[in-house]
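This report concerns only the one structure given below.
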Amino acid sequence: MRETFTVSPIAVVHSCFKEKFGIPRQPGLAPEAKAIIELLPPFNVPDAVDGLALCSHIWVHFLFHGNHRQNWKPKVKPPRLGGNKSMGVFATRSPVRPNPIGLSVVALERVLLEYRGRDGVFLAIAAHDLLDGTPVIDIKPYLPYADALADARNDFALASPELLNVSFVDEVEQILTSWPEFKRLIGQVLSQDPRPAYQKGRSEERVYGMQLSHWDVRWRYLPHRNGLQRILVTELIERA
């Protein structure tokens, strides 16, 4: 079978994640991560989402538009294996795939028919892992009786990653006094250690940074304590 299929976006994501670095490696790991899915014409009609507000979660099928690598490989090196062991691409969730299609289950907070003064159809979501500008190719309801399998297992990833402790310098703490939800988001994102696996264990002197929402967040790694490395957020700059 050598057919070719054409897929067109039905929506676009307006996300707090403005760059690939720092995005949680799975959905659900950062509950404070918010986004808006904006349905595109001709799909942006209320009839297309009639009944969707009855769902607490939805499946989002999307394209890895920020991945510019052209060639997929049969084996990849997942971060869960430290970036130095290989597995088959179809045994992982690597974004570098024969077809760059992603699938995430996200929390659906509201269905909106107006957003920031514009009419249309907008889905307010949370606990996502989607880059700003992500093209969405389909949306489906999450069905707990069918999608939540009590006896499911994955021996490659038996548990969620171990989280690092995140602290803030006094100046950043002061800024975040007025932004408690954003402070929680920073902690949820950084506690999962967004560094590539090959950078772990290197000098703690390097300062890392990412754009999160309309802020530039900068941090560094502190020496291990009780066997676990720590993160210190050193600077928070609001973008114009």
Side-chain angles (χ1 to χ4, degrees), residues 7 9 11-38 59-73 75-84 86-87 89-107 125-138 157 160-161 163-164 166 182 184-202 206-221 231 233-239:
V7 176
V12 64
V13 178
H14 304 291
S15 169
C16 59
F17 298 119
K18 304 302 181 182
E19 53 186 285
K20 291 184 293 181
F21 180 61
I23 296 179
R25 295 185 175 99
Q26 304 296 339
L29 298 180
E32 290 290 345
K34 311 286 186 177
I36 293 291
I37 297 178
E38 178 183 0
W59 288 106
V60 179
H61 303 249
F62 61 93
L63 298 176
F64 288 108
H65 76 297
N67 175 25
H68 301 299
R69 293 180 59 179
Q70 299 297 319
N71 299 320
W72 71 280
K73 295 181 179 180
K75 304 200 78 173
V76 297
K77 295 180 178 179
R80 287 298 292 269
L81 295 181
N84 53 18
S86 297
M87 289 186 70
V89 64
F90 298 126
T92 76
R93 297 191 178 188
S94 169
V96 184
R97 317 185 69 81
N99 294 303
I101 298 173
L103 176 65
S104 291
V105 60
V106 303
I125 65 170
H128 71 91
D129 59 345
L130 303 169
L131 178 65
D132 190 50
T134 291
V136 175
I137 57 175
D138 201 10
S160 58
L163 301 180
L164 305 187
V166 179
F182 188 59
R184 290 196 295 270
L185 175 60
I186 295 173
Q188 291 166 4
V189 170
L190 298 188
S191 66
Q192 298 166 55
D193 197 353
R195 288 177 299 179
Y198 66 85
Q199 291 184 1
K200 296 180 181 181
R202 294 188 176 183
R206 175 173 176 176
V207 174
Y208 290 80
M210 66 176 292
Q211 184 184 353
L212 189 58
S213 189
H214 58 283
W215 297 84
D216 285 327
V217 182
R218 295 174 184 168
W219 70 93
R220 62 186 179 88
Y221 291 82
I231 289 175
V233 179
T234 58
E235 197 170 12
L236 189 62
I237 304 171
E238 188 171 11
R239 291 199 165 205

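Keep in mind that the numbers below use all heavy atoms, side chains included, and drop hydrogens, waters and symmetry copies. Remember, predicted model here, so these are calculated numbers, not experimental data.
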When rounded to the nearest 0.5 angstrom, what distance separates [atom1] in [X] from [atom2] in [Y]?
| X | Y | atom1 | atom2 | answer |
| --- | --- | --- | --- | --- |
| Ile186 | Met210 | CD1 | CE | 9.0 Å |
| Leu163 | Leu29 | CG | CG | 8.5 Å |
| Glu32 | Gln188 | CD | CD | 5.5 Å |
| Ile237 | Arg218 | CD1 | CZ | 4.0 Å |

Taking the six-membered ring for Trp, are Phe90 and Trp72 parallel (under 30°), tilted (30 to 60°) or perpendicular (over 60°)? tilted

Mind listing the closest non-hydrogen atom pair of [X] and [Y] along with its distance?
| X | Y | value |
| --- | --- | --- |
| Leu185 | Ala30 | CD1-CB, 4.4 Å |
| Leu130 | Ser104 | CD2-OG, 4.3 Å |
| Phe21 | Pro194 | CE1-O, 3.3 Å |
| Gly187 | Val166 | O-CG2, 4.0 Å |

For Trp219 and Leu190, run side chain to side chain contact (heavy atoms under 4.5 Å, CB included): C-alpha distance rounded to whole Å, both residues' side-chain angles, the deciding distance at 0.1 Å, then the answer. CA-CA 9 Å; Trp219 70 93; Leu190 298 188; 3.8 Å; yes

Any side-chain heavy-atom pair of [X] and [Y] under 4.5 Å:
| X | Y | answer |
| --- | --- | --- |
| Tyr221 | Arg206 | no |
| Val60 | His128 | no |
| Asp216 | Leu236 | no |

Could you check whether atom CZ of Arg93 has more than 12 heavy atoms from other residues, nucleotides or ligands sitting under 6.0 Å from it? no

Please report the C-alpha distance between Arg220 and Thr234 in whole Å, then the side-chain angles of each, then the deciding distance to 0.1 Å, and finally whether the side chain to side chain contact (heavy atoms under 4.5 Å, CB included) criterion is met. CA-CA 7 Å; Arg220 62 186 179 88; Thr234 58; 4.1 Å; yes

Side chain to side chain contact (heavy atoms under 4.5 Å, CB included) between Thr134 and His65: does it pass, once the steps are laid out? CA-CA 6 Å; Thr134 291; His65 76 297; 3.5 Å; yes

Going by side-chain hydrogen bond (donor to acceptor under 3.5 Å, both in side chains), name the pairs with one or both residues in residues 14-24, residues two or more places apart or in two chains. His14-Glu38

Applying side chain to side chain contact (heavy atoms under 4.5 Å, CB included), can you list everything that pairs with Ile23, at least two apart in sequence or on another chain? Phe17, Asp129, Leu131

When you look at Val7 and Ile101, which way does the side chain to side chain contact (heavy atoms under 4.5 Å, CB included) test go after all the steps? CA-CA 11 Å; Val7 176; Ile101 298 173; over 6 Å; no

Arg25-Gln192 side chain donor-acceptor pair, cut-off 3.5 Å: no

Ser94 side chain vs Val96 backbone, donor-acceptor pair below 3.5 Å: yes

So, does His61 use its side chain to make a donor-acceptor pair with the main chain of Gly102 at under 3.5 Å? no

